[in-house]
Student: 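One structure follows; several queries about it will come next.
Below, each value reflects all heavy atoms present in this structure, side chains not excepted, and no hydrogens, waters or symmetry copies. Residue numbers start from 1 in every chain, and the chains themselves are labelled A, B, ... in the order their sequence lines are given, proteins ahead of strands.
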Amino acid sequence: MYQHSSNLFPGIFFLCCCLGLTGVHAASITLAVANSTCNTIKQVGERFSARHPVEIDYICKSSGRLAKGLHGRAIEADIYISANRRWMEYMVKGGQISADKVTSPWGNRLVVSAPAASPLVMEQWSDLVGEGIHTILIGDPGTAPFGRYTKQALQRTGLWEQVKHKITTKKHITLLAETLARSDGRTVGILFSTNLNHRLQALFPVDPAWHPPIRYYMAPIDKSADRPETRQLLDFILGPEGREIFGNAGFHVTPP
Amino acid sequence: MFGKLQNCSLYRQLIIPMFGIGLLSLMGTVYFANILKESVAALDEVYVQGDLRLRSLEKIEKQITGYRALSLRHLTEEEFSAMQEIAQELQHSRNAILAILPETLNPTRIPGHPETDRYVRVNDLSNRLESYFNESEAAIRLSNDFEKEAAFVLLSRIESEYIPEIKEITSLLIRHEFEDISESRQALTSAATQNLFTTIAIGIAGGSVLLFIAFIVIRNVTRRLSQLLEWSRIISRGDYTAPLTADSRDEVGQLTGAMMEMAENIADAHKGLHLAKRRAESIAETLKIYANAFENSGEAILISDRENRIINVNRAFTQQTGYRLADVAGKNPRILSGGNTSNETYHEMWQALNQDNFWQGELWDRKKSGEIYPKWAAISAIRDEEEQILFHIASFTDISDRKAAEARIEHLAHYDILTGLLNRFSLESRMEQAVLAAKRDELQLAVLFIDLDRFKYVNDSMGHHVGDQLLIEVAGRLKSCIRESDIVARIGGDEFVIVLTGLKDVDRVSDLAGHIIEQLSLPYRVEDHIFDSSPSIGISVYPEDGKSIDELLKNSDIAMYHAKDQGRKNFQFFTESLQAASEERVDFEHQLRNALELDQFELYYQAQVTTEGSRIYGMEALLRWNHPTRGFIPPDRFIPIAEEIDIINELGAWVLDRACAQLALWKQRGDCPRQISVNLSARQLQSESLIDTVRNAIASHGLDKDELELEITETAAMADPELAIRQLNRLSRLGVSLAIDDFGTGYSSLAYLKQLPINTLKLDRAFVGDIENDRNDAEICMATIALAHNLGLNIVAEGVETLAQRDFLAEYRCDYLQGYLFSRPLPPREVEELLRCSGLTMDARAATL
C-alpha cells in the first residue's frame, strides 16, 4: 500500500546520531503492538537493536485498547501494529495516522485449541455444540480482533446462538493462551495459530472462508513518521530479515 | 317590637335574649372548636403522608444508583452465565423501582393544592425511568452478545441523557414535597387562627347585643318609675283625680295599675282580693315558663339550696355528666369534683360568690363514667331581701376539645418537632429559671453541649431520612441518661444541650458525660443500615464559667470544639486555657503566614512506577512544613487553615514553582523521571490566577508542558462540576497533564467524568489496601481500571504496599503504581540517590527490604 523513500533521510539520521552522542542515551522508540505479534516483533526488535544504537520499548495490548489509548493520549508510541483493519481505520479517522503510510505485511489463521494434556478430539466444527465441550474461551470481540473473527465465524456457520452460553471472553490473546493452558479437559479456546505453544495442542483449524481475511496493519504515528529511527525500523521489519522471522513464527507473509 | 317586649315581665325581657344569644354563642364556639380539632388532625395527616412519600423518593434514588452499578458490572463481566445472573438482578431492581413509584403520589388532596403537578412530575419520572430502562436494556443485550465496546458507548450515552434528568425530577419532587408540607401547615394554621378570631367575634357581638337590650329595658323601667313617683307625690298631696296610664303589662305596668286601683277604690276589699288572685295566677304562669326554660336549656344547669345540697339538675346536665337527678339529689356538688382543680380555685370561687354573687372559671370534674374532663362553669348565688342565700345556680360547658387544641399548639411552640425535645426557645426560658434557682439555693449547674461526630457524613452518604432517624434515636438515648428534673433540648442540626440542675458535686458531671458517650457510641440501626456514631461534649459550670445563659452556652460550645480537636468522642470542661487556645490558633495562623518568607516549607517526592518493568515514570511532589519548634507538621493540619486565611494560592504557586525547578535541576543532571505531579486544592482550582501561575512555572524553568501533571481530588472536581470543567479545560489547553486524585471515594457522575479533559485516574489507597481480603474493593478496582481504559485514560494505583497487591493490579493491567512497596516520600537529595542507584528501574522486593 505504501512505500516511501527520502533523500533527506541519511542527513537527518546523521544529525540525530551526532546529537545522540552528546547526550547520555541512545535514541529510543516505542512500539504499540497487538498482543498476537508481541513475541515475534520483539525478536525482530532485538535483531535491529543489535545493529543500531536504538532502544526499543514495547507496549503489548489488544489492538482496540492500544488504538483508544493512543487516541486518548494515555499511550505514547511511534509505531502501531493492529491485528485487524477496523482499529487501523479508527486511527486514520482520528487523524493520528496517514492512510498512505499503512502497510499490511502479514496474515494469520484461527485454530481451535485445547490444553496439551486434554483428551478432547474434534472431528468437525459443529463438535463445539456437543456436550463434551463445556467452556469456549474467545477474545473480547469489542477490542481483540481474534475475538471478532471468531464471532464472525461462529455467526456465519450459525453456531453463535447455540454456543453462546459456553463462552467466556478474555481481554487479549496472551491472557487467553495462559488461561487455556491451565484449564480442564472440557475447555477449548479459539486463537491465532501463531500463539500456540508447547502447553497447548491444535484441535481443529478454522476455515478462513467463514470470516474476513485476517490481516495485520502497521503504520507510523504521524508525529513520529519523519523520525529517522522510525523509518529505519519500519524498513527493517518489512525487509527480508523481518519477513523471515515472521514467516518462521507461522504468519502468512505477503511477498514484497 | 319594643312595644311587645314591654308587655313581658322584666325577668323575661332580660333572660330570653340572654339565653338565646348565649345559646347562639355557645353553638358558634362548639362549631369552630370542632373545625380547629379537624385542622390539627389534618396537619398530622400532612406530616405523616409527606414523610412516607419522602422515604419512597429516597428509596428510588438508592435503587437507581444500584441499578447503574449492576449495569456497569454486567459490562465488565466476561462469562455468559455470570452475565445472565446479573441480568436477572437488573430485572428485579427495575421492577422494585417501578413498584415504589406509585407510593410517591399524594393519596389525600389538600384544599388549594391540586395534585395535578405532582401527577405530571411522577408520570414524567416514570416515563424517563421506563425509557432509561428500555434503552439500557439494549446496552445489556449488546453486552450479552459480548459486544462490550458498543455496550459501553451506548450505556454512557444513555446515562448522560437520562440520569441528570431523573435526578433533577427526583430532587424537584423532594423539594416540592417539603414546600407542600409547609404550605399545608401554613394554610391550616391560618384557618385555625381565623376560627379563633371568629369565635371571639361571636362572643363580643353576643355580649354587645345583650348589653343593648339590657340598656333598653332598664331605660324603659326607670322612665316609667319616675312617672309613677311623680304621680305618687301628687296623690300624697290629696289629688286622687291625677291621670295615670298603665301602658304595659310588666311589673311596672302592674304596679301602676295597682296604685291606680289603690287610689281609685281603696275600700273595695273584694276588688282588691280579686286583683291579688289574678297576680298570683300570673306568677304561677311565669314559674311554669321558667321551669320549661330550665329543663330544655342546651347548657348543663345545676341548682343547689342554701346548704349547697343539689335540688335540681336539667337534661343537658345529665347528658354531660351521666348523672340523673336521682343520683345526685341532696348531695353536695363536690361529688362531681375530679380532684384536679386546685384548692386556690375553690377558695377564689367561694370568695367571689360571697362578695359578688357570681363566679366563672375552669373546673376539672369527673363524669359518672369516671372520665375527668375540663369544663367552664358560671355560678350565681341568689339571695333574698335579707341577703341570705336562697340557692345557687351553676351552668357548665364541656371544654375538652378546646383544651386539647390549646395543648397541641402549646407543644408545637415549645418542642422540637423531630425529636420531641425542648427547642432552643424553651431551653432558654427553662435555663433562666434553673439559673435563678441555682443562685437562690447556692447550688451549681452544668451545661453539656453535645455535637455528633461526622453527622454530616451520615446525612450526605445515607440521606436525610437516615440522618433524621439517627437524631430521634440519639434524643431517646439522651433522655434515658438523665433525671426527670434535668433539661435536655435540641438547638439545631446535630447539636443537643443538657442542663444538670441542683448540682452539689461536679464529679457527677464527668460520670454522666462518660455514660452519655458510651450510650451514644453503641451501634445504630436505621432500616437496613447499621453504623456507628459518637458525640463530642463540651461542659461549662455555673457560676464558675459564666453567670448568664449566653455565657454558659458559648463556653460549653468552645469546650465542645476543644473536644473535637482532641480527636472527637470525648468530653472537655471549659477552662481559661481554652480561651488561651483560641488565641494560640491566632498565633498559629500568624506563623503560617510567615512560614513562606522564613523558608520553612519543603517538598518531598514519591516515585510512580510503570507496572510492567517497575520503571520510575514520575514523581509526586508532597508538601511538608518543617516548623522550628513543632517539627514536621502534616499538610492535613495546615492546608485547611491556609485555605481559611486565604494564603493557599500563594503557597500553591510556591509548590508549583519549586516542583518545576526541581524537575529542571534533575533534567540537567541526567536521569530524571518523565513527569512531576503536583496536587491542587479545591480553593486553588477556583482561583482565577491559577492559569497564569501554572504558565509562569512551566515557562520560567523551561519544562515541556506534558512534564507537569496537576492532581485534583475527585471531591474538589465534583464540588462545582461546571467550574471544574471550565478551569480544567483552560489548564488542558496549556498542555499540562491532568489527574483525578483519590478516585472512588467521592461521587462521580460518568457523564461529568467524560467531560473533564483528564489523562489519568488515581485509584484511592482505600480500595488498594484491602484488595486481597475484600471482594468488594477488588471489584471496584477492576471496574475502575476497565472504566479508565475504556475512556482512554491512564490509571495509577496509590498506596501499593505488598507484592500481592502489585500482582493483582498487574493482572488487571493497571498502568502505574505508587506506594511504600517502591519508595516512601523522600527529600530531593535522597531522590537523586534513588535515581542514581536504580537507573530509573525499581525492584519492588528490594525496596520493601
Student: Testing the basics here: between B/Phe146 and A/Ile167, what is the closest heavy-atom pair and its distance to 0.1 Å?
Tutor: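 Heavy atoms of B/Phe146 and A/Ile167 come nearest at CZ-CG2, 3.3 Å.
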
Student: Can you tell me if B/Glu612 has over 12 outside heavy atoms packed within less than 6.0 Å of its CD?
Tutor: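 No, because the 6.0 Å sphere around CD of B/Glu612 holds 12 heavy atoms or fewer from other groups.
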
Student: With rounding to the nearest 0.5 angstrom, report the NZ to OG1 distance, B/Lys148 to A/Thr143.
Tutor: 11.0 Å

Student: Given side chains that start at C-beta, do those of B/Glu77 and A/Thr168 come closer than 4.5 Å, heavy atoms only?
Tutor: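 No; the side chains remain at least 4.5 Å from each other.
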
Student: Heavy-atom cut-off 4.5 Å, strictly under: side chain, backbone, both or neither for A/Glu76 against chain B?
Tutor: side chain

Student: I'd like to know which of B/Asp145, B/Asn144, B/Leu793 tops the heavy-atom pair count under 4.5 Å against chain A.
Tutor: B/Asp145

Student: Tell me, for A/Lys171 versus chain B, whether the close heavy atoms (under 4.5 Å) come from the side chain, the backbone, both or neither.
Tutor: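 Both parts, backbone and side chain.
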
Student: Can you tell me which of A/Lys166, A/Lys61, A/Lys151, A/His71 forms the most heavy-atom pairs within a distance under 4.5 Å of chain B?
Tutor: A/Lys151

Student: Does atom NZ (A/Lys93) have a neighbourhood of more than 12 heavy atoms from anything else shown, all under 6.0 Å?
Tutor: no

Student: Shorter than 4.5 Å, heavy atoms on both sides: which option in B/Glu147, B/Gln84, B/His789 has the most such pairs with chain A?
Tutor: B/Glu147

Student: With rounding to the nearest 0.5 Å, note down the distance linking OH in B/Tyr812 to CG in A/Leu175.
Tutor: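 So the gap between those two atoms works out to 9.0 Å.
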
Student: Give me the atom names and distance for the closest heavy-atom approach of A/Ala74 to B/Gly792.
Tutor: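 Closest pair (atom of A/Ala74, atom of B/Gly792, distance): CB-O, 3.2 Å.
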
Student: Among A/Lys68, A/Arg73, A/Lys164, A/Arg148, which residue has the highest count of heavy-atom pairs closer than 4.5 Å to chain B?
Tutor: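 Of the candidates given, the most pairs with chain B belong to A/Lys164.
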
Student: Using heavy-atom distances under 4.5 Å, tell me whether B/Asp815 contacts chain A through its side chain, its backbone, both, or neither.
Tutor: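 When you check distances to chain A, only side chain atoms of B/Asp815 fall under 4.5 Å.
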
